Amino acid sequence: MGNICARLKAKPAPPHSSAAKKRSSSRRERKLDDAAIREQAIAAAILFKQHQQQNFDRSTSLRYPNGVSKKSSSNSNTLPRSSSSRARSLTDPLLQPHQLLNQDVKVDDLETNHIVLVHGGGFGAWCWYKSIALLEESGYKVTAIDLTGCGVSSFDTNSIISLSQYVKPLTDVLEKLPEGEKVILVGHDFGGACISYAMEMFPLKISKAVFIAAAMLTSGQSTLDIISQQEGSDDLMQQAQNFIYANGNDLPPTSFDLDKSFLKDLLFNQSPSKDVALASVSMRSVPFAPVLEKLSLSDLKYGSVRRFYIQTLEDNAIPISLQENMINANPPEKVFRLKGADHSPFFSKPQALHKLLVEISKIL
């Protein structure tokens, strides 16, 4: 969602416009940096592809059907280790048992230990690789979704015409759940609108919903409506956006993406460089039609699901003021705050995010 701008009628700048010259100059200045990033990206992409081939089924990651990894089952008292090689910071501490409010509650005794992770606009299931490892090592069953046209999905992003089409991989997972089984939905960024749609469709199959720096809409709102609440214009965001007009320049854009040279400052300003490199070779365009779609959310269905919000305090894509606006307009059961987290806390604060997801899962 942080990738979205309200400039619906924006058109590509003429080839010789001043804006084009500025972008060209900026790209030349970043040439050396781009080369270094690409070298890191190749290594990161190879490692991720190996991990993906071992653990990911095409549109979802659904491993350890019994909800317990081999490692965790052999040593249930072992604490999860970080997937990040960077130095541990005080704001991203290793999870300790005494830090959990409901530490006496065992994973096997929860209403559900199945967590479904839904990525944001432009991302894919790949962005959760640290969270997947940490959760599984803690005994959770994890499903990471690739929404239509995202991640390894082969669908053309410019052909997506509705939110229901975009979220079909998620609704398919929920629809196929055995009778009486529930999951915890976790949505990031535009994934917040996606899990809201699913909450309205399958309220009895969702135990809790967690919004991470995500679009938390009220009935009748679209994601574009939320973004339009931002005051003023973000020059960095405007420079980063590239609209795609697959149906012609006289019609609304069909999708948009971000200039890769702006990714770190906009989405990953607190994240390790290896994760920025991974994102630079993995992010895809965001379909525009689902962003425009207004949701119809009822108190009887959507409103019956327990909601929790995780704020990211160093977020340059969805600033804290906008997160507060959504929380005030549609208050969740509880709000958590991640200090030092950028728009992508699964990269910048994986341990702290993991701690909160575990804590939320154990709230009775």
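None of the values given here were measured: they were computed from a predicted structure.
Lys205 has no carboxylate O lying under 4.0 Å from a charged side-chain N of Glu181, or vice versa, which leaves the two without a salt bridge. Taking the charged nitrogens against the carboxylate oxygens, Asp275 and Lys130 do have a contact shorter than 4.0 Å, which makes a salt bridge. Salt-bridge annotation for Arg307 and Glu333: absent, with no side-chain N of the basic residue lying under 4.0 Å from a carboxylate O of the acidic one.
Side-chain atoms of Asn242 never come within 3.5 Å of backbone atoms of Leu258 as a donor-acceptor pair (strictly under, hydrogens ignored). For Thr254 (side chain) and Ala246 (main-chain N/O), a donor-acceptor pair under 3.5 Å exists by modelled atom type. Here the side chain of Arg284 pairs a donor or acceptor atom with the backbone of Gly151 at under 3.5 angstrom. Not one N or O on the side chain of Asn330 forms a donor-acceptor pair closer than 3.5 Å with the backbone of Met326. Using a distance-only test at 3.5 Å, with no hydrogens or angles considered, a donor-acceptor pair links the side chain of Asp342 to the main chain of Ser271.
No option in Thr157, Ile244, Val286 other than Ile244 meets the side-chain contact (heavy atoms from CB on, under 4.5 Å) test with Asp257.
In this structure, CZ in Phe155 is found 14.5 Å from CG in Asp146, a value given to the nearest 0.5 Å. Atom CG of Leu134 and atom CZ of Phe346 lie 13.5 Å apart (nearest 0.5 Å).
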Tell me, with the steps shown, if Phe202 and Tyr302 meet ring pair (Phe, Tyr, Trp, His ring centres under 6.0 Å). CA-CA 9 Å; Phe202 301 99; Tyr302 168 87; over 10 Å; no

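Residues Lys260 and Met283 come closest through the heavy atom pair NZ-O, 4.3 Å.
Ring centers of Phe347 and Phe123: at least 6.0 Å apart, outside the cut-off.
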